Amino acid sequence: MTKTIAINAGSSSLKWQLYQMPEETVLAKGLIERIGLKDSISTVKFDGRAEKQVLDIENHTQAVKILLDDLIRFNIIASYDEITGVGHRVVAGGEYFKESALVDEEVLQKVEELSLLAPLHNPANAAGIRAFKELLPDITSVVVFDTSFHTTMPEKAYRYPLPTKYYTENKVRKYGAHGTSHEYVAHEAAKLLGKPIEELKLITCHIGNGASITAVDKGISVDTSMGFTPLGGVMMGTRSGDIDPAIIAYLMEHTDDFKTPEDISRILNRESGLLGVSEFSSDMRDIHEAMRNGNDKALLANDIFVDRIKKYIGQYFAVLNGADAIIFTAGIGENSKTIRGQVINGMTWFGCDVDPEKNVFGAEGDISTPDAKVRVLVIPTDEELVIARDVERLKNKQ
Ligand code: ADP
């Protein structure tokens with residue numbers, strides 16, 4: 001019996017989940033926000049309780065110390081020794097990390113070097129890793145990459161039609177993201193369909209604030225909608241997804257908004273998507289409420305959102321030469337019957353048909369009509385569990 005903690009560190013936040021392994025029971029979970037700012041907030045959830053405290057947390061090491069002390073304070077663990085493993089989510093693994101890895105100094109340096117590909121994320125992930133190394137130096141420490149699952153994509157899918165030197169010298173290619181989620185739901189789908197994953201063609205739709213669609217052939221990612229960064233692909237909460245690249249040069253020339261690389265990055269990553277089109281919210285629940293009240297901008301934001309997902313699914317039907325199932329997961333995919341219904345609506349030619357009686361709030365599993373050739377599944381994702389499982393797997397290899 002061991003306890004393993006899954007960590008998702010952002011630049012000013014640290015999300016965590018503590019598991020009893022190998023039972024995979026969640027003992028507690030929490031979030032530390034506003035690290036490095038005044039009035040940081042630490043929330044711990046366990047036994048149906050949520051304990052919140054506001055205090056100043058200067059850095060990630062201090063955040064980890066507070067989290068560990070909270071575990072003791074709330075009697076979730078009796079001492080630090082009970083935690084035998086930690087798994088860290090890392091956003092960019094580049095071409096280097098094809099799978100999860102045990103952390104040593106070389107691995108940690110590589111994660112830091114890969115900050116070039118994820119400047120907002122990898123430095124924070126590395127800070128989380130260093131914090132645990134400092135406080136719990138002897139436990140098994142593992143890094144799990146968002147990109148690993150997609151390293152199986154063929155070159156024709158991951159290369160951009162740009163001058164070759166930008167790939168060879170600058171490593172510009174498609175890396176994708178949400179890999180742990182796509183992999184997890186693909187395997188859960190195989191269980192649900194009662195078939196070996198090696199016999200299945202799946203289209204997995206992770207649709208939350210960030211959204212990506214993946215074509216999974218025999219359990220392997222063969223294409224995914226996110227690109228060099230998580231900005232590419234479908235429309236998202238605040239991200240544009242794919243746009244004609246010429247728009248950027250045009251707006252640089254003809255407006256005052258696009259002056260610097262930071263402007264471009266901010267506008268496309270933080271001010272676009274549902275927020276940009278609706279002009280009031282990046283949150284799908286707000287968009288749907290406004291739609292019900294007759295707000296035209298919300299309706300348009302919803303319609304573009306659905307249209308983009310539909311088109312990627314269409315592409316992946318072509319890439320895979322058909323599919324056995326389409327899987328919906330993450331905040332919107334799991335909870336919004338409206339989005340699921342609208343995406344699948346009108347795809348009967350492809351063999352998809354959602355049963356409105358099954359496509360309800362809280363639905364899980366198969367929501368298709370009995371005769372549909374392509375099953376439509378709702379499967380809650382669990383990225384933290386994938387991380388905890390990888391820690392156990394690699395611990396046993398040590
Ligand atoms: P993140 O990418 O930040 O992990 P989530 O997977 O939590 O995001 O998804 C957040 C999104 O899910 C938000 O747009 C939220 O509005 C949406 N969402 C959650 N519940 C519902 C619901 N019942 N109907 C529509 N959208 C929902």
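Please read these numbers as outputs of a predicted model, since none were measured by experiment. Ligands are counted one by one from 1 in listed order, and the atoms in each one are counted from 1 as well.
- From the protein, the heavy atom lying nearest to atom 14 (O) of ligand 1 is M284 N, 3.1 Å.
- With ligand atoms numbered from 1 in the order given, ligand 1 contributes 23 (N) to contacts under 4.0 Å with heavy atoms of F361.
- Here the protein heavy atom with the shortest distance to atom 25 (C) of ligand 1 is S336 CB, 3.6 Å.
- Contact atoms of ligand 1 toward G210: 2 (O) (distance under 4.0 Å to a heavy atom of the residue).
- Environment of NZ in K358: crowded, with over 12 heavy atoms of neighbouring residues, nucleotides or ligands closer than 6.0 Å.
- In this structure, atom 17 (C) of ligand 1 lies nearest to the protein heavy atom I332 CG1, 3.5 Å.
- Checking Q342 against N302 by side-chain atom types alone, a donor-acceptor pair falls below 3.5 Å.
- Interface atoms of ligand 1 facing A330, defined by a heavy-atom separation under 4.0 Å, are 6 (O).
- Counted by atom type alone, H206 and S212 present zero donor-acceptor pairs between their side chains at under 3.5 Å.
- D283 OD1, 3.5 Å is the protein heavy atom nearest to atom 15 (C) of ligand 1.
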Salt bridge (Lys or Arg N to Asp or Glu O under 4.0 Å) evaluation trace for R173 with E95: CA-CA 10 Å; R173 52 158 281 178; E95 290 188 318; 2.8 Å; yes

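- Tracing side-chain contacts under 4.5 Å through hydrophobic residues (I, L, V, M, F, W, Y), one never reaches V144 starting from I7; they form parts of separate clusters.
- Annotation: atom 21 (C) of ligand 1 to nearest protein heavy atom, N335 CB, 3.5 Å.
- There is a side-chain donor-acceptor pair under 3.5 Å between D70 and Q53.
- For atom 4 (O) of ligand 1, no protein heavy-atom neighbour is present inside the 4.0 Å cut-off.
- Shortest contact from atom 8 (O) of ligand 1 to any protein heavy atom: N209 N, 3.1 Å.
- Considering only non-hydrogen protein atoms, atom 27 (C) of ligand 1 sits nearest to R285 CG, 3.7 Å.
- At the top of the distance list for atom 6 (O) of ligand 1, counting protein heavy atoms only, stands G331 N, 2.8 Å.
- Applying the side-chain contact (heavy atoms from CB on, under 4.5 Å) rule to N122 yields the partners V90, V91, A92, V111, L114, S115, A118, N125; only residues at least two apart in sequence or on another chain are considered.
- In this structure, a donor-acceptor pair under 3.5 Å is present between the side chains of D366 and S368.
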